[in-house]
Amino acid sequence: MTNKEKLKRAIEQDINPKDYYKEIIKKIEKDDKMKKEKNLWKWSFVPICLVAIIGGVLLVNNNNKELKTNIYKPNIETKDNVNLYINDISKMAQDDADVQNADIKITSIDSIQYFKKITDIKVPSDFDNQETYGIYVKHDRDSNDYNILQSYVINYSNKKNDRNIRISFSKENKPVRDYYFSEEGSRMSSINNFELKIFKYNKLYFTEFNYKDINFDIETSNITEQELTNLLLSILK
């Protein structure tokens, strides 16, 4: 037996190809899982940039019994015209959605003519940053121009403490978002006799509604229930 043959036998005895195959598969599955978790909230707060991808993840029930909505009433100071219930989403499922390119263009609040209806928005006093931009989409998939205004976004934040409030709104469209939540078993809240549903996942709050002919989509991170209530009260007058 030549040295080459001896070396080959030694390698084959010490290294089991099946074991290495299993390890490689585990590594791939682990990497895929990490990518999915990382992308889940990728567009929760859209950054100021030229181009973003809108779409990707759906938070749905999928008839899975583990996906439950727990309802609780916050123990906070509210007024007589506030009846607040929080729909706490403890489990989420992912599903694929159509991906659509969008162009994000920086703008100013003054350029939004109907913004005067919501100019008294109340955000926490420690929020020291504000960004305003419009989200533009193509009029059809074959076009190269992003010339259709889909919605506006105003993002308030305290970057140091990772606290955010993102208010998306439009008179013509329902603001786009890259995830949704199951409404099965959820309960309505009431603010100034206006009904809406408020959802929570970990430290994130979500709500969407139409008020004074404006479609709102609000998402917050790391704010308190009292701060959320004050914010909604400043809009739902």
Side-chain angles (χ1 to χ4, degrees), residues 39-61 87 89 92 94-121 123 130-157 164-183 186 188-189 191-192 194-199 201 204-221 228 231-232 234-237:
N39 288 333
L40 180 59
W41 300 108
K42 183 176 181 180
W43 297 110
S44 289
F45 296 97
V46 183
I48 298 299
C49 58
L50 292 179
V51 178
I53 302 299
I54 306 300
V57 179
L58 290 176
L59 309 187
V60 295
N61 190 292
N87 299 289
I89 303 173
M92 292 186 292
Q94 301 179 22
D95 197 2
D96 293 330
D98 290 336
V99 177
Q100 181 181 27
N101 291 328
D103 186 12
I104 295 177
K105 300 179 182 179
I106 299 173
T107 186
S108 65
I109 292 178
D110 294 336
S111 67
I112 307 173
Q113 296 182 1
Y114 60 89
F115 185 75
K116 60 183 180 180
K117 292 186 177 182
I118 52 175
T119 51
D120 296 328
I121 290 175
V123 299
Q130 178 181 311
E131 301 164 335
T132 306
Y133 49 92
I135 297 179
Y136 290 79
V137 297
K138 301 177 181 180
H139 66 273
D140 61 58
R141 292 183 179 272
D142 297 328
S143 175
N144 294 322
D145 298 325
Y146 298 90
N147 52 9
I148 304 299
L149 176 63
Q150 207 283 331
S151 60
Y152 288 108
V153 176
I154 301 177
N155 192 62
Y156 304 92
S157 64
N164 292 271
I165 293 174
R166 190 189 74 175
I167 302 176
S168 304
F169 58 96
S170 172
K171 293 191 70 172
E172 291 78 23
N173 307 299
K174 182 178 179 181
V176 293
R177 65 162 55 233
D178 58 348
Y179 57 89
Y180 296 87
F181 33 82
S182 170
E183 296 193 18
S186 59
M188 285 281 190
S189 293
I191 297 178
N192 286 332
F194 183 87
E195 291 189 335
L196 72 163
K197 290 184 178 180
I198 301 171
F199 295 86
Y201 177 72
L204 303 172
Y205 290 105
F206 319 90
T207 186
E208 54 184 354
F209 50 85
N210 182 287
Y211 182 70
K212 293 185 177 179
D213 296 323
I214 301 175
N215 297 304
F216 287 90
D217 186 299
I218 299 175
E219 176 181 310
T220 73
S221 174
L228 175 66
L231 169 68
L232 294 174
S234 69
I235 298 174
L236 303 170
K237 301 178 182 67

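Numbering starts at 1 and runs along the sequence shown.
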Report the residues that fulfil side-chain hydrogen bond (donor to acceptor under 3.5 Å, both in side chains) with [X], sequence neighbours left out, ordered by chain and then residue number.
{"X": "Asn192", "answer": "Asn81"}
{"X": "Thr119", "answer": "none"}
{"X": "Ser189", "answer": "none"}
{"X": "Thr107", "answer": "Ser111"}

ring-ring contact (aromatic ring centres under 6.0 Å, His included) against Tyr211, all qualifying residues, sequence neighbours excluded: Phe194
Partner set under ring-ring contact (aromatic ring centres under 6.0 Å, His included) for Tyr152, not counting sequence neighbours: Phe169
For [X], side-chain contact (heavy atoms from CB on, under 4.5 Å) partners two or more places apart:
{"X": "Asp217", "answer": "Arg166, Ser168, Pro175, Arg177, Glu208"}
{"X": "Asp142", "answer": "Asp140"}
{"X": "Glu195", "answer": "Met188"}
{"X": "Asn173", "answer": "Gln150, Ser170"}

Evaluation steps, side-chain contact (heavy atoms from CB on, under 4.5 Å), between Tyr136 and Asp145: CA-CA 9 Å; Tyr136 290 79; Asp145 298 325; over 6 Å; no
Min side-chain heavy-atom separation Thr207-Leu228 under 4.5 Å: no
